[in-house]
2 protein chains.
Amino acid sequence: MEELDALLHQPLRTQLVAYLAAAGELTFSDLKRQLEVSDGNLDAHLKKLLAADYVAVRKESGKGRPQSFFVLTPTGLAALQTYVQRLQKLLSLEKPADDGVAASLQAGLAH
Amino acid sequence: MEELDALLHQPLRTQLVAYLAAAGELTFSDLKRQLEVSDGNLDAHLKKLLAADYVAVRKESGKGRPQSFFVLTPTGLAALQTYVQRLQKLLSLEKPADDGVAASLQAGLAH
DNA sequence: TTTATAACTCTGCGTTTCAGAGTGTCAACC
DNA sequence: GGTTGACACTCTGAAACGCAGAGTTATAAA
(Lines give C-alpha, C1' and ligand atoms only; values in the text may rest on other atoms or scores of the structure.)
Protein backbone atom coordinates (compact mmCIF):
# COMPACT_ATOMS: atom_id res chain seq x y z
CA MET A 1 0.00 0.00 0.00
CA GLU A 2 1.36 3.37 -0.96
CA GLU A 3 0.86 5.55 2.04
CA LEU A 4 0.08 9.22 2.11
CA ASP A 5 2.69 11.31 3.88
CA ALA A 6 1.11 11.90 7.29
CA LEU A 7 3.05 15.11 7.70
CA LEU A 8 1.48 16.59 4.59
CA HIS A 9 -1.91 14.90 4.78
CA GLN A 10 -3.31 17.05 7.54
CA PRO A 11 -5.76 19.88 6.86
CA LEU A 12 -3.69 22.78 8.04
CA ARG A 13 -0.33 21.55 6.80
CA THR A 14 -1.59 20.66 3.34
CA GLN A 15 -2.83 24.20 2.93
CA LEU A 16 0.24 25.71 4.50
CA VAL A 17 2.57 23.84 2.18
CA ALA A 18 0.38 24.57 -0.84
CA TYR A 19 0.56 28.28 -0.07
CA LEU A 20 4.30 28.14 0.36
CA ALA A 21 4.70 26.29 -2.91
CA ALA A 22 2.60 28.90 -4.68
CA ALA A 23 4.02 32.01 -3.01
CA GLY A 24 7.66 31.03 -2.57
CA GLU A 25 8.19 32.81 0.73
CA LEU A 26 5.76 33.86 3.43
CA THR A 27 6.05 35.33 6.91
CA PHE A 28 4.52 33.93 10.04
CA SER A 29 1.84 36.59 9.88
CA ASP A 30 1.07 35.97 6.23
CA LEU A 31 0.43 32.34 7.04
CA LYS A 32 -1.57 33.19 10.11
CA ARG A 33 -3.86 35.45 8.13
CA GLN A 34 -4.25 33.02 5.26
CA LEU A 35 -4.93 29.99 7.42
CA GLU A 36 -6.91 31.78 10.11
CA VAL A 37 -5.31 29.90 12.97
CA SER A 38 -4.07 30.74 16.42
CA ASP A 39 -0.41 31.59 16.96
CA GLY A 40 0.23 28.47 18.99
CA ASN A 41 -1.27 26.19 16.45
CA LEU A 42 0.65 27.66 13.55
CA ASP A 43 3.88 27.53 15.52
CA ALA A 44 3.36 23.86 16.31
CA HIS A 45 2.76 22.92 12.69
CA LEU A 46 5.71 24.94 11.46
CA LYS A 47 7.93 23.24 14.01
CA LYS A 48 6.98 19.85 12.61
CA LEU A 49 7.70 20.92 9.07
CA LEU A 50 11.01 22.43 10.18
CA ALA A 51 11.96 19.27 12.06
CA ALA A 52 11.33 17.23 8.92
CA ASP A 53 13.33 19.72 6.83
CA TYR A 54 10.27 20.35 4.65
CA VAL A 55 10.49 24.08 5.25
CA ALA A 56 13.27 26.46 6.29
CA VAL A 57 13.27 29.80 8.10
CA ARG A 58 15.16 32.98 7.48
CA LYS A 59 14.99 35.35 10.43
CA GLU A 60 15.36 39.06 10.06
CA SER A 61 15.71 41.49 12.93
CA GLY A 62 17.29 44.81 13.69
CA LYS A 63 15.46 46.96 11.20
CA GLY A 64 11.74 46.94 11.89
CA ARG A 65 10.06 44.18 13.80
CA PRO A 66 11.70 40.80 13.84
CA GLN A 67 10.25 38.60 11.18
CA SER A 68 10.58 35.01 10.07
CA PHE A 69 10.34 34.10 6.43
CA PHE A 70 9.38 30.53 5.63
CA VAL A 71 10.20 28.64 2.44
CA LEU A 72 9.82 25.13 1.14
CA THR A 73 13.08 23.22 1.03
CA PRO A 74 13.98 20.93 -1.89
CA THR A 75 13.10 18.06 0.43
CA GLY A 76 9.71 19.56 1.12
CA LEU A 77 9.04 20.20 -2.52
CA ALA A 78 9.94 16.63 -3.42
CA ALA A 79 7.68 15.32 -0.68
CA LEU A 80 4.85 17.48 -1.93
CA GLN A 81 5.32 16.22 -5.47
CA THR A 82 5.19 12.60 -4.34
CA TYR A 83 2.21 13.34 -2.17
CA VAL A 84 0.25 14.95 -5.00
CA GLN A 85 1.05 12.10 -7.34
CA ARG A 86 -0.28 9.55 -4.88
CA LEU A 87 -3.39 11.58 -4.27
CA GLN A 88 -4.01 11.76 -8.00
CA LYS A 89 -3.54 8.05 -8.35
CA LEU A 90 -5.71 7.23 -5.37
CA LEU A 91 -8.55 9.49 -6.36
CA SER A 92 -8.01 8.92 -10.08
CA LEU A 93 -7.98 12.63 -10.65
CA GLU A 94 -5.99 12.35 -13.83
CA LYS A 95 -8.35 10.10 -15.75
CA PRO A 96 -12.09 9.97 -15.16
CA ALA A 97 -12.30 6.56 -16.79
CA ASP A 98 -14.64 3.69 -16.02
CA ASP A 99 -12.55 2.15 -13.30
CA GLY A 100 -11.54 4.98 -11.01
CA VAL A 101 -13.10 6.85 -8.15
CA ALA A 102 -13.79 9.75 -10.47
CA ALA A 103 -16.20 7.56 -12.39
CA SER A 104 -18.03 6.68 -9.20
CA LEU A 105 -18.15 10.32 -8.26
CA GLN A 106 -19.72 11.21 -11.57
CA ALA A 107 -22.17 8.37 -11.24
CA GLY A 108 -23.07 9.73 -7.84
CA LEU A 109 -23.69 13.17 -9.23
CA ALA A 110 -26.04 11.73 -11.84
CA HIS A 111 -28.69 10.87 -9.27
CA MET B 1 -10.67 29.91 3.94
CA GLU B 2 -12.23 26.79 2.49
CA GLU B 3 -11.37 24.04 4.87
CA LEU B 4 -10.67 20.45 4.08
CA ASP B 5 -13.04 17.97 5.72
CA ALA B 6 -11.01 16.71 8.67
CA LEU B 7 -12.90 13.45 8.66
CA LEU B 8 -11.78 12.70 5.11
CA HIS B 9 -8.40 14.38 5.20
CA GLN B 10 -6.66 11.72 7.23
CA PRO B 11 -4.34 9.15 5.63
CA LEU B 12 -6.27 6.02 6.46
CA ARG B 13 -9.75 7.39 5.95
CA THR B 14 -8.97 9.04 2.64
CA GLN B 15 -7.81 5.70 1.32
CA LEU B 16 -10.66 3.83 2.93
CA VAL B 17 -13.28 6.08 1.39
CA ALA B 18 -11.53 6.07 -1.97
CA TYR B 19 -11.61 2.27 -2.00
CA LEU B 20 -15.27 2.24 -1.06
CA ALA B 21 -16.09 4.74 -3.78
CA ALA B 22 -14.28 2.60 -6.32
CA ALA B 23 -15.49 -0.82 -5.17
CA GLY B 24 -19.01 -0.03 -4.05
CA GLU B 25 -19.09 -2.49 -1.19
CA LEU B 26 -16.33 -4.04 0.90
CA THR B 27 -16.15 -6.22 4.00
CA PHE B 28 -14.19 -5.48 7.14
CA SER B 29 -11.58 -7.98 6.03
CA ASP B 30 -11.33 -6.58 2.53
CA LEU B 31 -10.55 -3.20 4.00
CA LYS B 32 -8.14 -4.64 6.52
CA ARG B 33 -6.17 -6.36 3.82
CA GLN B 34 -6.16 -3.37 1.49
CA LEU B 35 -5.17 -0.85 4.14
CA GLU B 36 -2.84 -3.12 6.10
CA VAL B 37 -4.02 -1.91 9.48
CA SER B 38 -4.74 -3.49 12.82
CA ASP B 39 -8.29 -4.56 13.64
CA GLY B 40 -8.69 -2.00 16.36
CA ASN B 41 -7.52 0.83 14.20
CA LEU B 42 -9.82 -0.03 11.33
CA ASP B 43 -12.74 -0.40 13.68
CA ALA B 44 -12.12 3.03 15.17
CA HIS B 45 -12.01 4.74 11.80
CA LEU B 46 -15.12 2.95 10.57
CA LYS B 47 -16.95 4.04 13.69
CA LYS B 48 -16.19 7.66 12.93
CA LEU B 49 -17.39 7.35 9.38
CA LEU B 50 -20.52 5.57 10.57
CA ALA B 51 -21.19 8.24 13.19
CA ALA B 52 -20.97 10.92 10.50
CA ASP B 53 -23.25 8.90 8.23
CA TYR B 54 -20.54 8.81 5.58
CA VAL B 55 -20.71 5.03 5.39
CA ALA B 56 -23.32 2.43 6.25
CA VAL B 57 -23.10 -1.23 7.29
CA ARG B 58 -25.09 -4.21 6.24
CA LYS B 59 -24.53 -7.15 8.58
CA GLU B 60 -25.00 -10.71 7.47
CA SER B 61 -25.00 -13.69 9.79
CA GLY B 62 -26.53 -17.12 10.04
CA LYS B 63 -25.11 -18.64 6.87
CA GLY B 64 -21.34 -18.73 7.11
CA ARG B 65 -19.37 -16.44 9.35
CA PRO B 66 -20.90 -13.12 10.31
CA GLN B 67 -19.76 -10.41 7.98
CA SER B 68 -20.20 -6.67 7.71
CA PHE B 69 -20.46 -5.00 4.35
CA PHE B 70 -19.57 -1.34 4.22
CA VAL B 71 -20.84 1.18 1.65
CA LEU B 72 -20.61 4.90 1.08
CA THR B 73 -23.84 6.71 1.82
CA PRO B 74 -25.11 9.56 -0.40
CA THR B 75 -23.89 11.89 2.35
CA GLY B 76 -20.45 10.34 2.25
CA LEU B 77 -20.30 10.51 -1.51
CA ALA B 78 -21.28 14.17 -1.50
CA ALA B 79 -18.65 14.91 1.13
CA LEU B 80 -16.04 13.12 -0.94
CA GLN B 81 -16.98 15.11 -4.02
CA THR B 82 -16.66 18.40 -2.19
CA TYR B 83 -13.41 17.27 -0.64
CA VAL B 84 -11.89 16.33 -3.99
CA GLN B 85 -12.98 19.60 -5.54
CA ARG B 86 -11.28 21.59 -2.79
CA LEU B 87 -8.14 19.54 -3.07
CA GLN B 88 -8.04 20.15 -6.79
CA LYS B 89 -8.50 23.84 -6.29
CA LEU B 90 -5.93 24.05 -3.52
CA LEU B 91 -3.29 22.09 -5.36
CA SER B 92 -4.34 23.39 -8.77
CA LEU B 93 -4.52 19.87 -10.08
CA GLU B 94 -6.92 20.77 -12.82
CA LYS B 95 -4.84 23.43 -14.55
CA PRO B 96 -1.03 23.46 -14.45
CA ALA B 97 -0.99 27.17 -15.34
CA ASP B 98 1.52 29.81 -14.29
CA ASP B 99 -0.16 30.76 -11.08
CA GLY B 100 -0.87 27.51 -9.29
CA VAL B 101 1.02 25.11 -7.16
CA ALA B 102 1.33 22.79 -10.12
CA ALA B 103 3.49 25.36 -11.84
CA SER B 104 5.80 25.54 -8.84
CA LEU B 105 5.95 21.78 -8.73
CA GLN B 106 7.02 21.65 -12.34
CA ALA B 107 9.55 24.37 -11.75
CA GLY B 108 10.90 22.32 -8.88
CA LEU B 109 11.24 19.28 -11.09
CA ALA B 110 13.23 21.26 -13.61
CA HIS B 111 16.26 21.58 -11.31
C1' DT C 1 7.12 56.77 29.44
C1' DT C 2 3.19 54.51 29.08
C1' DT C 3 0.32 52.09 25.89
C1' DA C 4 -0.47 49.35 22.03
C1' DT C 5 0.51 46.07 18.65
C1' DA C 6 2.91 42.77 16.06
C1' DA C 7 5.66 38.58 16.21
C1' DC C 8 6.46 34.91 17.98
C1' DT C 9 6.95 30.82 21.88
C1' DC C 10 5.54 27.87 25.62
C1' DT C 11 2.17 25.14 28.48
C1' DG C 12 -1.35 22.12 29.29
C1' DC C 13 -5.58 19.95 28.19
C1' DG C 14 -8.93 17.45 25.28
C1' DT C 15 -9.05 14.52 21.18
C1' DT C 16 -7.32 11.24 17.98
C1' DT C 17 -4.86 7.30 16.61
C1' DC C 18 -3.20 3.08 17.33
C1' DA C 19 -1.86 -1.91 18.78
C1' DG C 20 -2.95 -5.67 21.17
C1' DA C 21 -5.98 -8.14 24.19
C1' DG C 22 -10.59 -9.87 24.49
C1' DT C 23 -15.16 -11.97 22.78
C1' DG C 24 -18.03 -14.55 19.91
C1' DT C 25 -19.00 -17.43 15.84
C1' DC C 26 -18.33 -20.89 12.73
C1' DA C 27 -15.64 -24.92 10.37
C1' DA C 28 -12.63 -28.92 10.51
C1' DC C 29 -10.59 -32.57 12.58
C1' DC C 30 -10.37 -36.47 15.71
C1' DG D 1 -19.53 -34.15 19.93
C1' DG D 2 -15.80 -31.98 21.89
C1' DT D 3 -11.60 -29.59 20.80
C1' DT D 4 -8.71 -26.82 17.95
C1' DG D 5 -8.09 -23.23 14.90
C1' DA D 6 -9.25 -19.35 12.25
C1' DC D 7 -11.83 -15.56 11.10
C1' DA D 8 -14.61 -11.40 12.26
C1' DC D 9 -15.01 -8.18 14.83
C1' DT D 10 -14.94 -5.05 19.57
C1' DC D 11 -12.95 -2.97 23.63
C1' DT D 12 -9.18 -0.79 26.44
C1' DG D 13 -5.53 1.99 27.56
C1' DA D 14 -1.43 4.43 26.27
C1' DA D 15 1.08 7.48 23.21
C1' DA D 16 0.97 11.13 19.95
C1' DC D 17 -1.48 15.04 18.01
C1' DG D 18 -3.93 19.46 17.62
C1' DC D 19 -5.31 23.38 19.59
C1' DA D 20 -6.20 27.83 22.34
C1' DG D 21 -4.67 31.03 25.25
C1' DA D 22 -1.19 32.83 28.33
C1' DG D 23 3.46 34.49 28.34
C1' DT D 24 7.64 36.95 26.21
C1' DT D 25 10.19 40.10 23.55
C1' DA D 26 10.58 43.89 20.44
C1' DT D 27 9.09 47.92 18.12
C1' DA D 28 6.06 51.74 17.20
C1' DA D 29 2.63 55.29 18.60
C1' DA D 30 0.64 58.67 21.95
Under 4.0 Å from OP1 or OP2 of D:dT10: is there any side-chain N or O of B:Lys59 that close? yes
Grab the CZ-C1' distance between B:Phe28 and C:dT23 for me, whole Å please. 14 Å
Please report the interatomic distance OG1(B:Thr27) to CD(B:Gln67), rounded to the nearest 0.5 Å. 5.0 Å
In whole Å, I'd like the distance from the CG atom of B:Leu42 to the C1' atom of D:dA8. 11 Å
For B:Leu8 and C:dT17, what is the distance between atoms CG and P respectively, to the nearest whole Å? 12 Å
For A:Ser68, answer base if it contacts any base atom (sugar-phosphate contacts may also be present), sugar-phosphate if it contacts only those atoms, and nothing otherwise; contact means non-hydrogen atoms under 4.0 Å. sugar-phosphate
Mind checking whether A:Leu42 and A:Leu16 have side chains closer than 4.5 Å, heavy atoms only? yes
Within the sub-3.5 Å range, which N or O atoms of nucleotides 13-16 of chain D have a protein N or O partner, and how far apart are they?
none

Heavy-atom side-chain contact between A:Leu49 and A:Phe70 under 4.5 Å: no
What is the distance, to the nearest angstrom, from the CG atom on B:Asp43 to the P atom on D:dC11? 7 Å
Using whole Å, report how far NE2 of A:His9 lies from C1' of D:dC17. 15 Å
Could you check whether B:Asn41 and B:Ser38, counting side-chain N and O atoms only, form a donor-acceptor pair closer than 3.5 Å? no
Among the candidates C:dC10, D:dC9, C:dC8, find the nucleotide nearest to the side-chain atoms of A:Lys47. C:dC10
Tell me, do B:Arg58 and B:Glu60 make a side-chain contact under 4.5 Å, heavy atoms counted? yes
Could you state the atom-to-atom distance from CG of B:Leu46 to P of C:dT16 in whole Å? 16 Å
Does a donor on one side chain and an acceptor on the other come within less than 3.5 Å for B:Thr14 and B:His9? no
Measure the distance from NZ on B:Lys32 to P on D:dA6 and round it to the nearest whole Å. 13 Å
Among B:Thr75, B:Asp5, B:Thr73, which one satisfies side chain to side chain donor-acceptor pair (under 3.5 Å) with B:Tyr54? B:Asp5
Starting at CZ of A:Phe69 and ending at C1' of C:dA6, how long is that distance when rounded to a whole Å? 14 Å
Given side chains that start at C-beta, do those of A:Tyr19 and A:Asp30 come closer than 4.5 Å, heavy atoms only? no
Does D:dA8 have OP1 or OP2 sitting under 4.0 Å from an N or O in the side chain of B:Ser29? yes
Base versus backbone protein contacts along nucleotides 19-24 of chain D [heavy-atom cut-off under 4.0 Å; B, S, -]: BBB---
Would you mind classifying the nucleic acid contact of A:Arg13 as base, sugar-phosphate or nothing, using non-hydrogen atoms under 4.0 angstrom? sugar-phosphate
Distance in Å, A:Leu4 CG paired with A:Tyr83 OH, rounded so as to fall on 0.5 Å steps: 6.0 Å
